[in-house]
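Let me begin by presenting the structure, written as structure tokens, before commenting on it.
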Amino acid sequence: MNNTNNIQLTKRSIEFLARKNHAMLIGGKWCASSNGATLAVHNPADESLLGSVPAATEADVDTAVGAARQAFESVAWGRMRPDQRQRLLLRLADLVEEHAKTLAEIESLDNGKSVVIAEHVDVALVASYFRYMAGWATKIEGSTLDVSIPFAPQNQFVGYTRKEPIGVVGAIVAWNFPLLLAAWKLGPALATGCTVVLKPAEQTPLSALYLGQLIQEAGFPDGVVNVVTGDGPSVGAPLTRHPGVNKLTFTGSTDVGKLIGKAAMDNMTRITLELGGKSPVIVLEDCDPAVAAAGAAQAIYFNQGQVCCAGSRLYVHKKNYERVVADLAAHANALKIGHGLDPATQLGPLVSREQMDRVCSYIDIGRQQGAEVVAGGARAGSLGYFVQPTVLAKVDQKARVVQEEIFGPVVVAMPYDDLDEVAALANDSPFGLGASIWSNDLARVHRLIPKIKSGTVWVNCHNMLDPALPFGGYKQSGFGKEMGRAALDAYLEQKSVLMMV
Ligand code: NAI
Ligand code: MG
């Protein structure tokens, strides 16, 4: 494993991290928790303490929702012209780019991910998403309708619809892409004129706090974005129950998503849920085994496998199964494991000890249920939360490692015979977030795509996301879409207007 002694952080990162005890953002003010409690923040690569953030209380959540409500009703934000909202989002995108290295370093230290990936994937996508959503701020449209009310034939009417911002948004996000997930919520919320209470994950709160500073610098009015730090039960749950919240948007586990869905229904709060996955990588008969193995490695090991749409189930046509699995194991064994700040690192640590233990226990469950470990299979090293990139072969479709989300660098590989069989195997899952098909046989690819029950199907690639392309799950992978025009509608109410003239 490498070390990072010679890596120089940006001046801005050094200054930010030197604060040690960070504050949270409520109503434009940086504050501590109302009872002074804090939560430790760790670097998962070496288990060192990075500092602390406020452990917010239910009272703090209430204050933040109040601040967001006040901002929503204010003239400064509520009556702001759409082109001014667009300008603010564009300015925020510019600031994100200007601070890209710092954001990437903070993300890498807090989450463990590669600083190179953080800069060129996470932060780059955040800036491009804010720009994409900035464009929509001036393009929110209703329709005009010719009505034919049968019982009032003698009258004339003008009918139209208008789209209005939902109001206060409660956004709760996971730790795997802390900044990007926050941006997926903030982009459409701000473009439509909503206000937000954002709760980052307790494992990775720092980049959201840094983004809070940039949001202030961009010139958003106080209270439009509030960042409240703390854990799920004490901060997330009160936010989901709060009657002053008009919409909840969540990225995280399916179990917590179900709790949020139930809490939301008590107040009829609108919801978008982006949840877990067990996405299949389907290698057709014609695919070059070397291409398939490289693709499968990228699909599962990107971000240490902590990706909701990670390609965690590999189905290879039996003709090439042995070859692809052997090549994939070679890819896994060649990955350079290390500290995220080392630019040479290809696989960083998992986010926490809890997640490392969870992933290792799944590997053991796989073994117990008959899987053959052809690469990895254990923790890597003894300091930091590293897990070896792992390939489990010859696994039974009903095994827990095939059916349950592991959320780590572990792929299960299974052979199949024909197209209908692989479609059935791919769909034999409670999840339906993503899938990839690897083939140049256009006819087969097009026959397979409609059969796959998932929100995204990639062909000859995996984990590729674009601001314009809606993303979201079928089945237990979620509810509603993020990105694209579809994401906007989730932050808008539609009002019908009928005028007798
Ligand atoms: P989690 O779903 O508990 O955490 C995600 C967010 O929800 C965090 O901000 C957390 O504080 C918040 N939260 C937790 N309980 C809550 C509650 N009762 N009410 C409101 N908010 C609450 O995920 P966790 O425990 O960190 O990871 C467990 C497993 O979940 C992972 O191993 C993985 O399988 C899955 N997961 C999936 C993700 C995805 O993107 N699909 C992301 C993160 C986790
Ligand atoms: Mg949890």
Side-chain angles (χ1 to χ4, degrees), residues 39 41 44 53 55-56 58 61 110-111 113 122 170-182 184-185 197-205 207-208 227-242 245 248-264 266 269 271-279 302-310 312 350-363 365 385 387 400-401 403-410 429-434 454-456 463 465 471-473 475-479 482:
L39 228 134
V41 183
V53 295
E58 186 156 0
V61 171
D110 202 359
N111 165 281
K113 66 174 65 197
D122 301 52
I172 300 173
V173 297
W175 39 260
N176 50 338
F177 292 88
L179 194 67
L180 182 58
L181 298 180
W184 283 5
K185 319 299 189 193
V197 177
L198 169 68
K199 193 203 89 61
E202 56 272 36
Q203 297 86 348
T204 55
S207 58
V227 184
V228 180
T229 49
D231 68 16
S234 27
V235 182
L239 188 59
T240 65
R241 290 193 300 262
H242 202 296
V245 173
L248 288 163
T249 173
F250 171 73
T251 299
S253 62
T254 294
D255 287 347
V256 172
K258 289 177 185 176
L259 289 177
I260 292 178
K262 286 175 190 151
D266 278 342
T269 311
I271 44 169
T272 307
L273 302 172
E274 207 269 279
L275 309 176
K278 193 76 186 178
S279 300
F302 170 61
N303 211 47
Q304 296 66 247
Q306 302 167 134
V307 181
C308 49
C309 50
S312 50
L350 300 194
V351 75
S352 62
R353 178 173 296 276
E354 186 191 9
Q355 195 60 16
M356 175 182 74
D357 290 345
R358 195 182 142 90
V359 170
C360 289
S361 81
Y362 264 115
I363 296 172
I365 291 167
Y385 311 132
V387 174
R400 284 185 60 194
V401 288
Q403 293 294 327
E404 297 173 22
E405 182 176 51
I406 298 176
F407 224 62
V410 181
S429 165
F431 301 110
L433 192 53
S454 77
T456 295
N463 287 336
L465 302 174
F471 181 74
K475 302 197 268 182
Q476 293 199 27
S477 289
F479 202 90
E482 305 209 82

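What you see below is based on every heavy atom in this structure, not just the backbone, and it leaves out hydrogens, waters and symmetry mates. Computed from a predicted structure; not experimentally measured. Indexing begins at 1, ligand by ligand and atom by atom, following the structure's order.
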request  = Just jot down the ligand 1 atoms closer than 4.0 angstrom to any heavy atom of Gly276, in number order.
outcome  = 41 (N)
message = Please report whether ligand 1 has a polar contact with Ala174, defined as an N or O pair separated by less than 3.5 Å (distance criterion only).
response = no
note = Within 4.0 Å of some non-hydrogen atom of Ala237, the atoms of ligand 1 are 19 (N), 20 (C)
ask   = For Leu275, is at least one N or O under 3.5 Å away from an N or O on ligand 1?
value = yes
query = Relative to atom 29 (C) of ligand 1, which among Lys258, Gln306, Arg241, Arg358 owns the nearest non-hydrogen atom?
reply = Arg358
Between CD on residue Gln203 and CD on residue Gln355, distance to nearest 0.5 Å = 8.5 Å
inquiry  = Are Cys309 and Phe471 packed together at the side-chain level, in the sense that at least one heavy-atom pair is separated by less than 4.5 angstrom?
reply    = yes
request  = Kindly confirm or rule out an N or O of Glu274 lying under 3.5 angstrom from an N or O of ligand 1.
outcome  = no
ask   = Of all the atoms in ligand 1, which lie at a distance below 4.0 Å from a heavy atom belonging to Ala201?
value = 9 (O)
query = Closer than 4.0 angstrom: is that true for some heavy atom of Gln203 and an atom of ligand 1?
reply = yes
request  = Report, in ascending order of atom number, the atoms of ligand 1 lying under 4.0 Å from any heavy atom of Gly252.
outcome  = 2 (O), 37 (C), 38 (C), 39 (C), 41 (N), 42 (C)
inquiry  = Quick check: Gly232 and ligand 1, any N/O pair under 3.5 Å apart?
reply    = yes
Ser477 side, atom OG; Glu405 side, atom CD - distance, nearest 0.5 Å = 8.0 Å
task = Using the salt bridge (Lys or Arg N to Asp or Glu O under 4.0 Å) rule, take Glu274 and Lys185 through it: C-alpha gap first, then chi angles, then the decisive distance, then the call.
result = CA-CA 11 Å; Glu274 207 269 279; Lys185 319 299 189 193; over 6 Å; no
request  = State, with a plain yes or no, whether a side-chain heavy atom of Leu179 is found less than 4.5 Å away from one of Asp122.
outcome  = no
ask   = Would you say the side chains of Gln306 and Lys113 form a donor-acceptor pair under 3.5 Å?
value = no
ask   = Minimum heavy-atom separation for Ala174 to Gly252, with atom names?
value = CB-CA, 4.1 Å
inquiry  = Side chain, backbone, both or neither: which applies to Val307 and ligand 1 if a contact is any heavy-atom pair less than 4.0 Å apart?
reply    = neither
query = Does Gly277 have a heavy atom less than 4.0 Å from any atom of ligand 1?
reply = no
Nitrogen or oxygen atoms of Glu405 and ligand 1 under 3.5 Å apart = yes
inquiry  = Are the side chains of Phe407 and Asn176 in contact, using a 4.5 Å heavy-atom criterion?
reply    = yes
ask   = Can you tell which of Phe250, Trp175, Tyr362 gets a heavy atom nearest to atom 5 (C) of ligand 1?
value = Phe250
request  = Would you kindly specify which portion of Asn176 sits under 4.0 Å from ligand 1, judged on non-hydrogen atoms: side chain, backbone, both or neither?
outcome  = side chain
request  = Select one of side chain, backbone, both or neither to describe which atoms of Asp231 lie under 4.0 Å from any atom of ligand 1, heavy atoms only.
outcome  = backbone
key: Trp175 and Asp110, any side-chain heavy atoms less than 4.5 Å apart   = no
task = Considering the heavy atoms of Gly236, write down every atom of ligand 1 situated less than 4.0 Å from one of them.
result = 19 (N), 20 (C), 21 (N)
ask   = Under 30°, 30 to 60°, or over 60°: which ring-plane class applies to Phe302 and Phe177, parallel, tilted or perpendicular?
value = tilted
Heteroatom proximity flag, Lys199 to ligand 1, N/O under 3.5 Å = yes
key: Numbering as shown, the atoms of ligand 1 that approach Ile172 to under 4.0 Å (heavy-atom distance)   = 6 (C), 7 (O), 9 (O), 12 (C), 20 (C), 21 (N)
Residue pair Ser429 / Lys278, side-chain donor-acceptor N/O under 3.5 Å = no
query = If you take all heavy atoms of Pro205 and Thr229, which pair is closest and at what distance?
reply = CB-CG2, 3.9 Å
ask   = Which ligand 1 atoms does Gln355 reach within 4.0 Å, using its non-hydrogen atoms?
value = 31 (C), 32 (O)
